Student: 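Can you keep this structure in mind? I'll have questions shortly.
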Amino acid sequence: MLDKYARGFFTRLLTPLARLLLSWGVTPDAVTIAGTVGVAGGALVFYPLGQLFWGTVFITLFVFSDVVDGIMARIKGHGGLWGSFLDSTLDRIADGALFAGVALWFFTGGDNVLIAVAALACLVLGMIVSYARAKAESLGFTANVGIAERAERLVSVLVVTGLTGLGLPEGFLLAVLVMLALASLVTVYQRMRAVRLQSLEGKPAP
């Protein structure tokens, strides 16, 4: 849902930056890689140190690279299979680092095992959500359904983690992580069901 309504706004907002980077000779792949390094580095350095707010600020600066690289590719007319593969693969690294960073802090200095376990559950289930769609598409089916898309997961965990760093009771973060885990589990079911129904019809998507 956030992808549907927010991507257009951020595309208009970030297009000047994309054009500027292209004029400097920066490639879309370089932006994709830099964004992933920034998100993963911020999550695995700031969060385990307990810097939840500043970690979130740092990560957010790099999250938008996921929009910028796509704009750059479209401007250049070079958006293709390689760019899509690279972007999707590195997204998984960034997502994994984000939830791992939260889990590391709450397993150690944060001293809240419930939050740490919930973060790990989000990490694992989020990967399965992405895998289910990728595997379905590789077999000729479609599985772009579900209530827990990547944008929703990212925005939710970043906002609440950042606010937790400013003093929001940890119970809110736990509640959000549990809801994200449950939503991801439902999404896995929805995607499996969608592929099952398509397979019964014997008509994989072209």
Side-chain angles (χ1 to χ4, degrees), residues 1-14 17 31-71 87-88 90-127 129-130 146-187:
M1 185 177 293
L2 285 176
D3 272 341
K4 178 180 178 182
Y5 293 105
R7 187 163 289 269
F9 168 76
F10 284 110
T11 295
R12 293 189 295 273
L13 181 67
L14 297 172
L17 174 60
V31 173
T32 301
I33 294 169
T36 301
V37 171
V39 171
L44 295 176
V45 173
F46 284 95
Y47 282 176
L49 293 174
Q51 297 294 326
L52 302 184
F53 174 73
W54 289 114
T56 297
V57 171
F58 185 87
I59 291 166
T60 301
L61 294 175
F62 287 92
V63 163
F64 291 106
S65 66
D66 197 42
V67 178
V68 174
D69 59 4
I71 299 171
D87 189 59
S88 180
L90 295 188
D91 279 351
R92 305 290 81 75
I93 294 174
D95 293 357
L98 180 61
F99 287 105
V102 173
L104 283 171
W105 168 244
F106 285 102
F107 268 133
T108 56
D111 194 26
N112 192 319
V113 175
L114 288 178
I115 290 180
V117 171
L120 288 182
C122 288
L123 189 161
V124 173
L125 289 168
M127 296 298 173
V129 166
S130 300
I147 60 175
E149 294 289 347
R150 181 173 185 260
E152 281 85 350
R153 297 198 303 271
L154 275 181
V155 171
S156 298
V157 73
L158 283 173
V159 169
V160 181
T161 299
L163 291 176
T164 300
L166 290 177
L168 184 74
E170 292 179 357
F172 285 96
L173 178 58
L174 176 61
V176 167
L177 290 172
V178 169
M179 287 189 291
L180 284 177
L182 291 174
S184 296
L185 186 61
V186 171
T187 298

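Positions are given from 1 along the sequence. The structure presented is a predicted model; accordingly, all values stated were derived computationally and were not measured.
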Student: Side chains of Arg92 and Ser130 only: does a donor on one sit below 3.5 Å from an acceptor on the other?
Tutor: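 A pair is found: one side chain offers a donor N or O, the other an acceptor, under 3.5 Å apart.
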Student: State, with a plain yes or no, whether a side-chain heavy atom of Leu123 is found less than 4.5 Å away from one of Asp95.
Tutor: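 No, side chains not in contact.
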Student: Would you give the length of the straight line joining atom CD of Glu170 to atom CG of Asp111, rounded to the nearest 0.5 angstrom?
Tutor: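 With rounding to 0.5 Å, CD (Glu170) is 9.0 Å from CG (Asp111).
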Student: Can you name the closest pair of heavy atoms from Pro48 and Ala43 and give their distance?
Tutor: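 The pair with the smallest heavy-atom distance is CD-O, 3.1 Å.
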Student: I need the minimum non-hydrogen distance between Ser184 and Leu125, along with the two atoms involved.
Tutor: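 Scanning both residues completely, I find the closest heavy atoms to be CB-CB, 3.7 Å.
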Student: Should Leu52 and Phe106 count as side-chain neighbours, where that means a heavy-atom distance under 4.5 Å?
Tutor: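 Result yes, sub-4.5 Å side-chain heavy-atom pair found.
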Student: Set out, in order, the CA-CA distance, both residues' side-chain angles and the distance that settles side-chain contact (heavy atoms from CB on, under 4.5 Å) for Val113 and Phe107, then state yes or no.
Tutor: CA-CA 6 Å; Val113 175; Phe107 268 133; 4.1 Å; yes
Student: How many angstroms lie between atom CG of Asn112 and atom CG of Leu174, to the nearest 0.5 angstrom?
Tutor: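 It comes to 6.5 Å.
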Student: In Å and rounded to the nearest 0.5 Å, what is the CG to CG distance from Leu14 to Asp66?
Tutor: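 Rounded to the nearest 0.5 Å, the CG-CG separation comes out at 11.0 Å.
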Student: On a heavy-atom basis, which atom in Leu177 and which in Ala118 lie closest, and how many Å separate them?
Tutor: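 Taking Leu177 first and Ala118 second, the nearest heavy atoms are CB-CB, 3.7 Å.
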Student: For the residue pair Ser65 and Gly35, what are the closest heavy atoms and their distance?
Tutor: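 What the structure gives for the nearest pair is OG-CA, 3.1 Å.
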Student: Hey, are the side chains of Thr56 and Phe46 touching, using non-hydrogen atoms and a 4.5 Å cut-off?
Tutor: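 They are not in contact (no side-chain heavy atoms under 4.5 Å apart), so the answer is no.
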Student: Say you draw a straight line from OG1 of Thr108 to CG of Leu104; how long is it, rounded to the nearest 0.5 Å?
Tutor: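 Between atom OG1 of Thr108 and atom CG of Leu104 there are 6.5 Å.
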Student: I'd like to check Phe64 versus Thr60 (side-chain heavy atoms, cut-off strictly below 4.5 Å). Are they in contact?
Tutor: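 Yes; the side chains approach each other to less than 4.5 Å.
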Student: For Ala181 and Ala121, which heavy atoms make the closest approach, and how far apart are they?
Tutor: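 So the minimum-distance heavy-atom pair works out to CB-CB, 4.2 Å.
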Student: May I ask you to test the Leu182-Val186 pair for a side-chain heavy-atom distance under 4.5 Å?
Tutor: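 No, their side chains stay 4.5 Å or more apart.
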Student: Are any of the side-chain heavy atoms of Val124 and Phe99 separated by less than 4.5 Å?
Tutor: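 Side-chain contact under 4.5 Å: no.
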Student: Has Ser156 got a side-chain atom pairing as donor or acceptor with Arg153's backbone, closer than 3.5 angstrom?
Tutor: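 Checking the backbone N and O of Arg153 against the side chain of Ser156, no donor-acceptor pair under 3.5 Å is found.
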Student: If I take atom CD1 from residue Ile93 and atom OG from residue Ser88, how far apart are they, to the nearest 0.5 angstrom?
Tutor: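 Ile93 atom CD1 to Ser88 atom OG measures 10.5 Å (nearest 0.5 Å).
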Student: Atom CD of Gln51 and atom CZ of Phe58: how far apart are they, to the nearest 0.5 Å?
Tutor: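 Result: 13.0 Å between the selected atoms.
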Student: Are side-chain heavy atoms of Tyr47 and Ile59 found at a separation under 4.5 Å?
Tutor: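 Side-chain contact under 4.5 Å: yes.
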Student: Pairs under 3.5 angstrom only: tabulate donor-acceptor contacts from the side chains of residues 158-166 to other protein residues two or more places apart or in another chain.
Tutor:
residue: Thr161; atom: OG1; partner: Val157; partner atom: O; Å: 2.6
residue: Thr164; atom: OG1; partner: Val160; partner atom: O; Å: 2.7

Student: What are the two closest non-hydrogen atoms of Leu44 and Gly101, and how far apart are they?
Tutor: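 Distance-wise, the nearest heavy atoms are CD2-N, 4.1 Å.
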